[in-house]
Asker: 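Below you'll find the structure I mean.
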Protein chains: 2
Amino acid sequence: MMETATQRPPRITQTEIARRANVSQGVVSAVLSGKPSPIRVSAAVRDRVLRAAMESGYRPNSSARAMRTGLYHNLGYFLDTAPGAMEENDFPEFRAGVFDAASARDFFVSLIRLPNRDFAKNPIPKAFREAHLDTLILNNMGGLTPELQQAILTSGFPIVYLNEKHDTNAVYFDDYEDTRMLTEYVIQRGYKRIAFFAENTRRPQHYSEQLRQAAFIATMQAHRLAPEVQRWHFREERTQIINWLRSAQRPQAVLCYRDRDALTLQSCATEAGLRIPQDLAVASASNEQRLDDYFVVPLTTLVQPRYDAAVAAVHMALDLVLDRKIATRPAKVYRATLREGESVPVRPVSR
Amino acid sequence: MMETATQRPPRITQTEIARRANVSQGVVSAVLSGKPSPIRVSAAVRDRVLRAAMESGYRPNSSARAMRTGLYHNLGYFLDTAPGAMEENDFPEFRAGVFDAASARDFFVSLIRLPNRDFAKNPIPKAFREAHLDTLILNNMGGLTPELQQAILTSGFPIVYLNEKHDTNAVYFDDYEDTRMLTEYVIQRGYKRIAFFAENTRRPQHYSEQLRQAAFIATMQAHRLAPEVQRWHFREERTQIINWLRSAQRPQAVLCYRDRDALTLQSCATEAGLRIPQDLAVASASNEQRLDDYFVVPLTTLVQPRYDAAVAAVHMALDLVLDRKIATRPAKVYRATLREGESVPVRPVSR
DNA sequence: TTGTACGCGTTATCAC
DNA sequence: GTGATAACGCGTACAA
C-alpha cells in the first residue's frame with residue numbers, strides 16, 4: 001500500500017523561482033522553456049534557476065501557458081457510446097494509438113463521450129460548450145444527434161474522423177477491398193458453398209458491415225458462386241444457427257463479419273458436432289484481439305492496423321492545428337493484413 | 001458523410017460580446033456565469049447579452065477561467081498499461097462511470113497512461129509534469145515504477161485509488177468476502193470436489209487473484225473439504241486442461257477467478273466431451289460483461305458494481321478537491337452481487 | 001546578459 | 001444597476 005499524501009504542496013510559480021534564484025521572472029521563463037530565445041543566460045544563472053525549479057517541485061501551469069500561446073495542448077478523443085451504439089467499438093488499440101501519438105507531440109488527451117445517464121438534460125458535452133480543445137478525433141458509430149453534429153462543426157477546431165469514411169480529414173480502413181481479398185482467399189482455397197455470417201444485434205451498426213457483406217456478394221458472383229448471407233441473434237436464435245449448421249445445405253466455409261461472430265459460430269458448431277476446420281472452415285473480416293485466446297484453432301482473420309490508424313489520425317489532427325493555414329488534409333486509407341490461422345485449410349479435392 | 005469545416009470561426013471573448021451588446025464586460029461575465037452576483041442586471045440587458053453570446057457562438061475560455069479560479073476542472077483517469085500489465089483491466093464500466101460522474105460535476109476527463117512506446121525516453125507522463133489536473137483517479141495494476149509513484153505523490157493533487165485496496169482515498173471491492181460467499185454457495189448446492197481455476201498468464205496479476213484463491217481455500221477448509229487449485233496457460237497447456245477434465249479425479253465444480261477463465265474451461269470441457277453443467281459445474285468470481293454472450297449456458301458469476309464504484313471514486317476525488325481542508329476520506333468498499341445463471345445447478349444426491 | 005512591462009480572458013472588487 | 005480596474009501565471013518585445 002502506498003502512502004497517501006496528507007497535505008498539498010503550495011503552487012510554485014516562475015515568480016517564486018525567480019525570487020529564490022535571485023533573477024527576474026523573464027529569465028526563469030526563458031530558461032525553463034528550453035527553446036532557443038533572444039534571451040541568452042549565463043551557465044551560472046541557468047543552473048541557479050534549474051536547481052531552484054527542481055528543489056521547489058515547480059510544474060508549469062498549463063492554463064497560463066494556454067492563455068498566452070492560444071494553444072490548449074489538448075486533443076479530444078470522442079467515443080460514440082450513445083444508447084444503441086456499440087460500446088465495443090472502442091478498441092484498446094485505438095485508445096493506445098491516440099494516447100501515444102498525442103503524448104509524443106506533447107498533447108493531453110481528453111476523453112469525450114455521450115453521458116450514459118442524464119443525456120436528455122445535457123445533450124452537448126462540456127468539451128463542445130467550452131474552449132478547451134485544439135482538435136478532435138471522432139470515433140463515431142453513427143449515434144450522433146443532429147444538434148450534436150452541429151455543436152461539433154461549429155466548435156471551431158479541426159476534426160479528424162477515425163474509422164469513418166470521409167474524403168478529407170479522416171483515417172479509415174478499406175473495408176470493401178479487404179473483404180474482397182478475404183473472399184478471394186477462401187475461394188482460392190477450394191471452397192464453393194460459402195456463407196457470410198454476422199450476428200443480428202438489432203442496433204445501429206458500423207457502415208463496414210454493409211460494405212463487407214456487399215464485397216462478399218460481389219466477389220462470389222464474380223466467381224459464379226451463390227452467395228449466402230445468414231444473420232441470427234446468438235442468444236435468442238441459437239438453435240436456428242445450430243440447425244443451419246446441421247442441415248444438408250450447410251456451407252463449407254463461413255466468412256464472418258468479425259471475430260466475435262466466428263466465436264459464436266465456433267460455439268454453435270461444437271454443439272452441432274462439427275469440428276473446425278475439418279467440417280467447417282471459418283474466416284473473419286475483422287480481428288478482435290481480446291478474443292484471440294478463445295479460438296480452439298487459430299482463426300484466419302483480417303487484422304486492421306488500428307494502432308497505426310489512430311497514430312495517423314492524431315498526426316493529421318495536430319498538423320491541422322499547427323499549420324493554421326490549411327483546414328483540410330486528404331483522407332488516409334489503411335489496408336488490413338491477412339493473418340493466416342488454421343481455420344481455412346486448403347480444401348481436399350472431392351468430386 | 002458530414003461536411004468538414006473549411007475555416008475556423010474567430011475566437012469570441014466576453015469583451016467582444018460586451019461590445020455587441022453595448023454593455024461592459026463585467027456585466028457579460030456576471031450574466032454568463034449564471035451564479036448569483038452582486039451585480040443585478042435588468043432583464044433587457046440580460047437578454048441582449050445572452051443573445052449576443054448565442055449568435056456569436058461564444059464559448060468560455062476554460063484556461064482563463066482556470067487561471068483566475070485556481071481550478072482546472074480537469075480530472076485525470078490513470079490506466080496502468082505498462083508492459084506486463086493487463087490491458088483488460090480497463091473495464092468499460094469504469095470508464096463510463098468516471099466520465100459520467102465527472103461530467104455531472106462539470107469536470108473534464110483527461111486520459112493518462114504509460115506510453116507503450118518511447119517509455120524509457122519519457123517515463124513520466126506530461127500530466128504529472130505540468131499543472132493541469134485537480135485530481136487523479138488511479139486504476140492501477142501494479143506496474144508503477146518507483147519514480148512514477150514519486151511523481152504522482154509529489155504532484156500536489158489528491159489521488160483516489162480505484163479497484164485497489166487502501167485505507168483512505170480508495171474505492172475497491174471486497175474480493176475476499178465475495179469469493180467466500182461464492183464458495184459457500186457452490187458448497188451449499190451439494191458440490192464437494194471443487195477446484196479453483198485461474199489462467200496462468202505469466203504476468204503481474206491484480207492482487208485480487210491471491211485474495212480470491214485464499215478465500216476459496218479457507219472456505220473449503222472450514223467445510224473440511226480439500227481445496228484444489230489449478231493453473232494452466234490456455235494456449236500452451238490446453239491438452240493438460242483437457243486431460244485434467246477427462247481424468248477420474250476431475251472436479252465436480254470449478255470456481256474460476258474470472259469469466260475468461262470460465263470461457264477457457266467451457267472450451268476445454270466441450271472438447272473433453274463434458275457438458276456444462278450436467279458433467280461439470282462452473283462459477284466465476286468476476287463478471288466480464290464483454291464475454292457474456294459466449295457462454296452456452298448462462299454463467300453463475302459475481303458481478304462487481306464497477307460503474308458505481310467509479311462514480312463513487314470520482315465523487316470522493318472531487319470532494320477532496322472542493323473541500324480543500326480535508327486531504328483524506330475513508331475508503332469505500334463495494335460488494336459484488338451473485339448473478340445466478342444455470343451453470344451451478346443443485347447437485348442431485350448421489351451416494 | 002538581464003530586468004521591465006504588457007497582455008492573453010476571466011472573475012471579482014470597487015467606486016460611481 | 002453599471003463601468004472601470006486588479007489579479008491569476010506565463011511568454012515576449014524592448015529597454016537597460
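Protein chains get the first letters and strands the later ones, always in sequence-line order, with residue 1 at the start of each. Fair warning: this is a prediction, and the values are worked out from it, not measured in the lab. What you see below is based on every heavy atom in this structure, not just the backbone, and it leaves out hydrogens, waters and symmetry mates.
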Asker: Sequence neighbours left out, what passes side chain to side chain donor-acceptor pair (under 3.5 Å) with B:Glu93? Give chain and number order.
Answerer: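 Partners of B:Glu93 under the side chain to side chain donor-acceptor pair (under 3.5 Å) test: B:Arg306.
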
Asker: Respond yes when some side-chain nitrogen or oxygen of B:Arg65 is under 4.0 Å from OP1 or OP2 of C:dG9, and no when none is.
Answerer: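 Answer no for this pair, as no side-chain N or O of B:Arg65 is under 4.0 Å from OP1 or OP2.
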
Asker: Grab the OH-P distance between B:Tyr72 and D:dC8 for me, whole Å please.
Answerer: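 After rounding, the gap between these two atoms is 14 Å.
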
Asker: Can a side chain N or O of A:Thr13 be found less than 4.0 Å away from OP1 or OP2 on D:dG9?
Answerer: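 No, because none of the side-chain N or O atoms of A:Thr13 sits under 4.0 Å from OP1 or OP2 of D:dG9.
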
Asker: Could you tell me how far apart A:Leu32 (CG) and D:dC10 (P) are, to the nearest whole angstrom?
Answerer: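 Answer to the nearest Å: 9 Å.
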
Asker: Are any of the side-chain heavy atoms of A:Thr135 and A:Pro158 separated by less than 4.5 Å?
Answerer: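 Yes, their side chains come closer than 4.5 Å.
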
Asker: Is any NZ, NE, NH1 or NH2 atom of the basic residue among A:Asp308 and A:Lys332 found under 4.0 Å from an Asp or Glu carboxylate oxygen of the other?
Answerer: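 Salt bridge absent between A:Asp308 and A:Lys332.
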
Asker: Check salt bridge (charged side-chain N to carboxylate O under 4.0 Å, His left out) between B:Arg68 and all other residues, then give those that pass, not counting sequence neighbours.
Answerer: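 Applying salt bridge (charged side-chain N to carboxylate O under 4.0 Å, His left out) to B:Arg68 gives none.
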
Asker: Check the distance between C:dT10's C1' and B:His73's NE2 and give it to me in whole angstrom.
Answerer: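 These atoms are roughly 13 Å apart.
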
Asker: Take the C1' atoms of the five end pairs on each side of the helix from C:dT1-D:dA16 to C:dC16-D:dG1, derive the two axes, and give their angle rounded to 10 degrees.
Answerer: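 About 50° separates the two local helix axes.
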
Asker: Could I get the full list of side chain to side chain contact (heavy atoms under 4.5 Å, CB included) partners for A:Ala127, not counting sequence neighbours?
Answerer: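 For A:Ala127 the side chain to side chain contact (heavy atoms under 4.5 Å, CB included) partners, ignoring immediate neighbours, are A:Ile112, A:Leu133, B:Phe108.
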
Asker: I'd like to check the salt bridge (charged side-chain N to carboxylate O under 4.0 Å, His left out) partners of A:Arg48; sequence neighbours left out, ordered by chain and number.
Answerer: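 Partners of A:Arg48 by the salt bridge (charged side-chain N to carboxylate O under 4.0 Å, His left out) criterion come out as none, since no residue qualifies.
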
Asker: Which residues pass the salt bridge (charged side-chain N to carboxylate O under 4.0 Å, His left out) test with B:Arg46, not counting sequence neighbours?
Answerer: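 B:Arg46 satisfies salt bridge (charged side-chain N to carboxylate O under 4.0 Å, His left out) with no other residue.
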
Asker: Evaluate the ring planes of B:Phe78 and B:Phe128, with Trp represented by its six-membered ring, and classify them as parallel (under 30°), tilted (30 to 60°) or perpendicular (over 60°).
Answerer: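 Tilted, since the angle between the ring planes falls between 30° and 60°.
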
Asker: Rounding to a whole Å, what distance do you find between B:Glu130:CD and D:dG9:C1'?
Answerer: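 Taking CD of B:Glu130 and C1' of D:dG9, I get 13 Å after rounding.
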
Asker: Pairs under 3.5 angstrom, nitrogen or oxygen only, protein versus nucleotides 12-15 of chain C, please.
Answerer:
| unit_1 | atom_1 | unit_2 | atom_2 | d |
| --- | --- | --- | --- | --- |
| C:dA12 | O4' | B:Arg68 | NH2 | 3.3 |

Asker: Please determine, by modelled atom types, if B:Tyr77 and B:Asn139 share a side-chain donor-acceptor pair under 3.5 angstrom.
Answerer: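 Present: a donor and an acceptor within the cut-off.
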
Asker: Could you say whether B:Val27 or B:Met67 is positioned toward the 5' end of DNA chain D, judged by the nucleotide with the nearest heavy atom to each?
Answerer: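 Looking at the nearest nucleotide for each, B:Val27 comes out on the 5' side.
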
Asker: Applying salt bridge (charged side-chain N to carboxylate O under 4.0 Å, His left out), name anything that partners A:Glu130, two or more places apart in sequence or on another chain.
Answerer: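 Residues passing salt bridge (charged side-chain N to carboxylate O under 4.0 Å, His left out) with A:Glu130: A:Lys126, B:Arg65.
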
Asker: Could you work out, with side chain to side chain donor-acceptor pair (under 3.5 Å) as the rule, every residue matching B:Glu55, not counting sequence neighbours?
Answerer: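 B:Arg51.
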
Asker: Kindly indicate whether the side chain of A:Thr13, heavy atoms from C-beta on, has any atom under 4.5 Å from the side chain of A:Asn61.
Answerer: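 A side-chain contact is absent here, since even the closest heavy-atom pair is not under 4.5 Å.
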
Asker: What residues from residues 14-23 of chain A pass a heavy-atom cutoff of under 4.0 Å to DNA chain C?
Answerer: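 A:Val23, in order of number.
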
Asker: Specify the residues of residues 42-63 of chain B, ordered by number, for which at least one heavy atom lies under 4.0 angstrom from an atom of DNA chain C.
Answerer: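 Heavy-atom cutoff 4.0 Å gives B:Tyr58, B:Pro60, B:Asn61.
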
Asker: Taking side chain to side chain donor-acceptor pair (under 3.5 Å) as the definition, give me every residue that meets it alongside A:Arg59, ordered by chain and number, with sequence neighbours left out.
Answerer: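 For A:Arg59, no residue satisfies side chain to side chain donor-acceptor pair (under 3.5 Å) once neighbours in sequence are set aside.
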
